[in-house]
Engineer: 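Would you mind keeping the following structure in view while I ask a few things?
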Amino acid sequence: MARILRKIPNFKLPKYKMRDIEEIEELKVEYTPEDLEELKKRNSGEKSKDGYPGTEYKTVKEFFDKSTKEFADRPFILEKFNRKGNFEEITYGKFREDVINLGTGLVRGFKLKGEKILIIGETTYHWYVSYMAILGGVGIAVPTDKELPDNELENIVKRSDAAAIIFSPRKKDQIKKIANRCPGVKYFMEMYSDEKIDGRFVGLEHVMNEGKFLVDMGCTDYTDIEIEPDAFAVLIFTSGTTSAAKGVMISNTNLAYNINSVTPYVYLTPEDRLFSVLPLHHTYESTIGFLYPMAMGASVAVCQGLKHIANDMKETSPTAIIAVPLLIESLHKKIVQGIEKSGKTTAVKTMISLSNGLKNLGIDVKRKVFKDIYANLGGRLRIIVSAAAPIDGKVGRWLEDIGITFLQGYGLTETAPIAALTPDWDTRVGSAGKSVVWDQIKISEPNEKGEGEIWIKGKTVMLGYYEDPEATAEVMNDGWFNSGDIGYMDEDGFIYITGRSKNVIVTQNGKNIYPEEIETLLSKVEEISESMVYGKEVAGEKELIITARIIPDYDRIEELHGKGLNEEEIYKLIWEQIKKVNRKLSNYKTVKKLEIKEDQFEKTSTMKIKRYAELAKDKECEKEN
């Protein structure tokens with residue numbers, strides 16, 4: 001996520017105190033042949049689910065009003081404002097009050113109705129309040145990556161024509177640097193500050209206090225605002241892996257129908273708690289990690305940094321995590337390594353086999369059998385959702401084996417973001433899901449294997465690209481959005497992603513090679529931390545050379561092969577692993593060249609490698625040499 005997640009910190013999980021199989025009462029149950037026959041009959045009669053009752057919200061304000069009144073006394077946001085303190089609970093009622101006060105202050109006190117307001121900063125309570133206040137009728141929200149360098153942030157400010165910037169205290173120095181170069185910005189508002197107006201700078205708490213005064217005096221200017229569902233509401237600049245950032249225009253309809261689309265597929269209640277680890281400027285987290293739980297009356301616990309993930313989960317006991325594959329795979333690796341160190345690997349495999357057998361008979365004891373694993377994750381975790389990039393299917397299946405519902409979603413910023421999702425009763429690990437109920441998905445001009453470009457049409461599809469009708473026309477065709485992704489659809493409507501059309505490597509004889517397919521296989525190699533596969537141009541060669549640019553996992557290499565290996569030995573070791581991967585590929589797809597990368601890959605907000613940026617660096621180096 002953003003550049004903060006270029007590399008996952010080496011977080012630690014507590015040691016496991018795994019019980020032996022003979023100590024687990026749930027596996028000691030004996031069934032007579034009659035019991036087993038009855039269970040088989042009962043389960044054979046079960047029909048697949050048709051889905052849960054869905055919602056039909058038209059705007060975000062609609063479910064904000066409903067939830068903040070209905071669940072006023074229940075916790076909504078949990079955050080640790082003091083690193084040495086405990087998590088504090090902020091109720092729906094308090095959230096409602098703060099949103100209305102801020103909205104009133106922005107509309108009436110600071111005359112910002114209808115304006116674009118940029119939000120930048122780490123995930124924190126005031127970020128949630130600011131975003132909701134703007135969506136509730138102030139104007140157009142511009143959520144922005146907090147890791148942008150000065151020049152890129154300045155560019156976004158000017159391109160968006162932002163009238164105000166709401167920023168966290170950690171961003172104050174950067175905001176001050178660009179302020180003089182952004183004369184169009186009327187106000188710079190600092191979160192958690194009650195400073196009165198000083199030039200163009202003012203504390204957000206002061207704005208909220210001004211709003212509270214007006215509300216107490218009977219002002220209803222903000223709460224009376226009628227929301228036009230299809231009007232431009234959010235502007236998000238994609239960091240893009242293949243081109244320069246585009247401004248995606250999102251409406252209330254797009255956001256509300258994301259919620260309406262998810263509710264029939266996933267069962268979430270006010271007792272659930274989502275664990276927020278992704279940056280809020282990305283639609284994945286701001287829509288599914290914030291607006292969705294708010295619509296359902298659930299709560300959100302804010303992770304205080306990835307190195308604190310284990311302790312924060314134990315303190316807040318979340319039931320669901322939304323994450324990207326790299327984080328999920330890292331979490332899985334830590335759990336498995338902990339089991340190995342406890343000497344319980346064989347026991348866990350046996351428990352999985354036995355509990356799977358019982359589940360096939362309709363007896364699910366997994367949460368009890370694996371409660372020692374769950375304890376290290378807060379004790380209540382039941383759902384992990386992966387999206388934004390392919391994930392090793394083995395990871396998803398292992399999580400399901402221990403009783404966690406593993407879901408995969410598919411979409412883009414242009415679909416705000418969910419277009420497909422695996423239902424929680426039919427998870428099909430490996431699939432990116434089936435079209436959500438308010439969208440349609442089709443495979444355009446499929447080849448003999450059924451693969452083609454994935455096109456999406458429906459309520460979640462964006463209004464278009466900001467001030468760029470030509471770019472909009474390139475991806476829209478009679479209401480269908482061309483995702484640029486390549487995949488196929490099975491007979492049940494489940495989507496399988498095989499690559500991106502813009503990343504595709506085309507051989508001289510017309511064969512297509514999708515780097516993601518090879519990268520997925522390389523991700524299973526323990527000695528490899530990350531990889532980027534691309535077609536390398538070589539002087540004198542007509543054919544592109546399939547090249548793997550690799551970041552070694554030095555810690556794992558040391559564990560597996562000992563200390564003191566030099567660069568040449570590490571190269572040879574990884575090349576031997578790549579040769580094993582090549583045996584699983586058709587000859588024209590095999591990796592022909594290995595490059596060891598010393599620094600980190602440049603990433604987008606969803607941890608996709610910016611291929612164009614990496615290759616652009618190569619060209620710059622070539623020019624210099």
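Residue indices begin at 1 and follow the sequence shown. This structure is a prediction, so every number in the text was calculated from the model and none was measured.
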Engineer: Is the shortest heavy-atom distance from the side chain of Val129 to the side chain of Phe95 under 4.5 Å?
Structural biologist: yes
Engineer: When you check the side-chain N and O atoms of Glu470 and Tyr465, is any donor under 3.5 Å from an acceptor?
Structural biologist: no
Engineer: Between the side chain of Ser483 and the main-chain N/O of Ile454, is any donor-acceptor distance below 3.5 Å?
Structural biologist: yes
Engineer: Could you report the tightest heavy-atom contact between Ala432 and Thr422, atom names first, then the distance?
Structural biologist: C-CG2, 4.3 Å
Engineer: Phe275 and Cys303: which non-hydrogen atoms are nearest, and at how many Å?
Structural biologist: CZ-CB, 3.6 Å
Engineer: Once you round to the nearest 0.5 Å, how far does CG of Leu135 lie from CG of Leu255?
Structural biologist: 6.0 Å
Engineer: Please walk me through it: do Asn503 and Met532 pass side chain to side chain contact (heavy atoms under 4.5 Å, CB included)?
Structural biologist: CA-CA 11 Å; Asn503 296 338; Met532 184 188 87; over 6 Å; no
Engineer: For Arg181, look at atom CZ and say whether over 12 heavy atoms of other residues, nucleotides or ligands are found less than 6.0 Å away.
Structural biologist: yes
Engineer: How far does OG of Ser261 sit from CD1 of Ile288, to the nearest 0.5 angstrom?
Structural biologist: 8.5 Å
Engineer: Within the distance-only criterion (no hydrogens, no angle test), does the side chain of Lys61 pair as donor or acceptor with the backbone N or O of Thr223 below 3.5 angstrom?
Structural biologist: yes
Engineer: Hey, mind stepping through Val185 and Arg200 against side chain to side chain contact (heavy atoms under 4.5 Å, CB included) and telling me if it holds?
Structural biologist: CA-CA 8 Å; Val185 179; Arg200 292 187 290 162; 4.1 Å; yes
Engineer: To check you understand the geometry: which heavy-atom pair defines the closest contact between Tyr265 and Ser435, and what is its length?
Structural biologist: OH-O, 2.7 Å
Engineer: Is a donor on one side and an acceptor on the other found under 3.5 Å between the side chain of Glu62 and the backbone of Lys58?
Structural biologist: yes
Engineer: Could you tell me if Lys116 and Tyr466 have a donor-acceptor pair between their side chains, going purely by distance under 3.5 Å?
Structural biologist: yes
Engineer: Using a strict threshold of under 4.0 Å (side-chain N to carboxylate O), is an ion pair present between Asp98 and Arg96?
Structural biologist: no
Engineer: So for atom CG, which belongs to Asp173, do other residues, nucleotides or ligands contribute more than 12 heavy atoms lying within a distance under 6.0 Å?
Structural biologist: no
Engineer: Is it the case that more than 12 heavy atoms not belonging to Lys442 sit under 6.0 Å from its NZ atom?
Structural biologist: yes
Engineer: Are any of the side-chain heavy atoms of Val302 and Thr124 separated by less than 4.5 Å?
Structural biologist: no
Engineer: Under 3.5 Å, is there a donor-acceptor pair between the side chain of Ser299 and the main chain of Pro75?
Structural biologist: no
Engineer: Between Tyr131 and Pro143, is any pair of side-chain heavy atoms under 4.5 Å apart?
Structural biologist: yes
Engineer: Backbone N or O of Glu97 within a donor-acceptor pair of the Asn101 side chain at under 3.5 Å?
Structural biologist: yes
Engineer: Donor-acceptor pair, Tyr222 side chain versus Ala133 backbone, under 3.5 Å?
Structural biologist: yes
Engineer: Quick one: pull up CD1 in Ile418 and OH in Tyr284 and give me the separation to the nearest 0.5 Å.
Structural biologist: 6.5 Å
Engineer: Counting only heavy atoms not in Asp216, do more than 12 fall under 6.0 Å of its CG?
Structural biologist: yes
Engineer: What distance separates Lys212 NZ from Glu205 CD, expressed to the nearest 0.5 Å?
Structural biologist: 12.5 Å
Engineer: Report, as yes or no, whether the 6.0 Å neighbourhood of atom CD on Glu195 holds more than 12 heavy atoms from other residues, nucleotides or ligands.
Structural biologist: no
Engineer: Mind listing the closest non-hydrogen atom pair of Pro515 and Ile505 along with its distance?
Structural biologist: CG-CD1, 4.1 Å
Engineer: Just by distance, do the side chain of Ser386 and the backbone of Ile384 share a donor-acceptor pair under 3.5 Å?
Structural biologist: no
Engineer: Could you tell me how the ring of Tyr257 sits relative to the ring of Trp438: parallel (under 30°), tilted (30 to 60°) or perpendicular (over 60°)?
Structural biologist: perpendicular
Engineer: Side-chain contact, heavy-atom cut-off 4.5 Å: Glu614 with Lys597?
Structural biologist: yes
Engineer: Between the side chains of Glu154 and Lys158, is the shortest nitrogen-to-carboxylate-oxygen separation below 4.0 Å, so that they form an ion pair?
Structural biologist: yes
Engineer: Between Glu56 and Asn260, which heavy-atom pair has the shortest distance, and what is it?
Structural biologist: N-OD1, 3.4 Å
Engineer: Strictly by modelled atom types, are Ser251 and Asn254 linked by a side-chain donor-acceptor pair under 3.5 Å?
Structural biologist: yes
Engineer: Tell me the closest heavy-atom pair linking Asn477 and Trp455, and the distance in Å.
Structural biologist: ND2-CH2, 3.6 Å
Engineer: Give every residue pair that meets the ring pair (Phe, Tyr, Trp, His ring centres under 6.0 Å) criterion with at least one member in residues 134-153, sequence neighbours excluded.
Structural biologist: none
Engineer: Please determine whether side chain to side chain contact (heavy atoms under 4.5 Å, CB included) holds for the pair Thr144 and Ile165, giving the CA-CA distance in whole Å, both sets of side-chain angles, and the decisive distance to 0.1 Å.
Structural biologist: CA-CA 10 Å; Thr144 301; Ile165 297 177; over 6 Å; no
Engineer: Side chains of Asp312 and Gln304: is there a donor and an acceptor less than 3.5 Å apart?
Structural biologist: no
Engineer: Determine, stepwise, if the pair Phe71 / Phe76 fulfils side chain to side chain contact (heavy atoms under 4.5 Å, CB included).
Structural biologist: CA-CA 9 Å; Phe71 306 110; Phe76 180 30; over 6 Å; no
Engineer: Does this structure show an ion pair linking Lys246 with Glu474, if we count only N-O contacts that are shorter than 4.0 Å?
Structural biologist: no
Engineer: Ignoring hydrogens and angles, tell me if any N or O in the side chain of Arg273 forms a donor-acceptor pair with the backbone of Leu78 under 3.5 Å.
Structural biologist: no
Engineer: If we only count heavy atoms from C-beta on, is the Pro318 to Met313 side-chain gap below 4.5 Å?
Structural biologist: yes
Engineer: Are Thr253 and Asp230 linked by a side-chain donor-acceptor pair shorter than 3.5 Å?
Structural biologist: yes
Engineer: Can a donor-acceptor pair be found, under 3.5 Å and without considering hydrogens, that links the side chain of Thr287 to the backbone of Ala416?
Structural biologist: yes
Engineer: Is the shortest heavy-atom distance from the side chain of Phe290 to the side chain of Tyr128 under 4.5 Å?
Structural biologist: yes
Engineer: Distance from Asp150 atom CG to Asn155 atom CG, nearest 0.5 Å?
Structural biologist: 12.5 Å
Engineer: Could you tell me if the side chain of Ser193 sits less than 4.5 Å from the side chain of His206, heavy atoms only?
Structural biologist: no
Engineer: Do Arg611 and Glu519 sit within salt-bridge range, that is, some charged N less than 4.0 Å from a carboxylate O?
Structural biologist: yes
Engineer: Counting only heavy atoms not in Phe213, do more than 12 sit closer than 6.0 Å to its CZ atom?
Structural biologist: no
Engineer: Starting at OH of Tyr57, measure out to OG1 of Thr263 and round the result to the nearest 0.5 Å.
Structural biologist: 8.5 Å
Engineer: With the side chain counted from C-beta on, respond yes when Ile119 and Leu280 share a heavy-atom pair under 4.5 Å apart, and no when they do not.
Structural biologist: no
Engineer: Output yes when a side-chain donor or acceptor of His281 lies under 3.5 Å from a complementary backbone atom of Lys146, and no otherwise.
Structural biologist: no
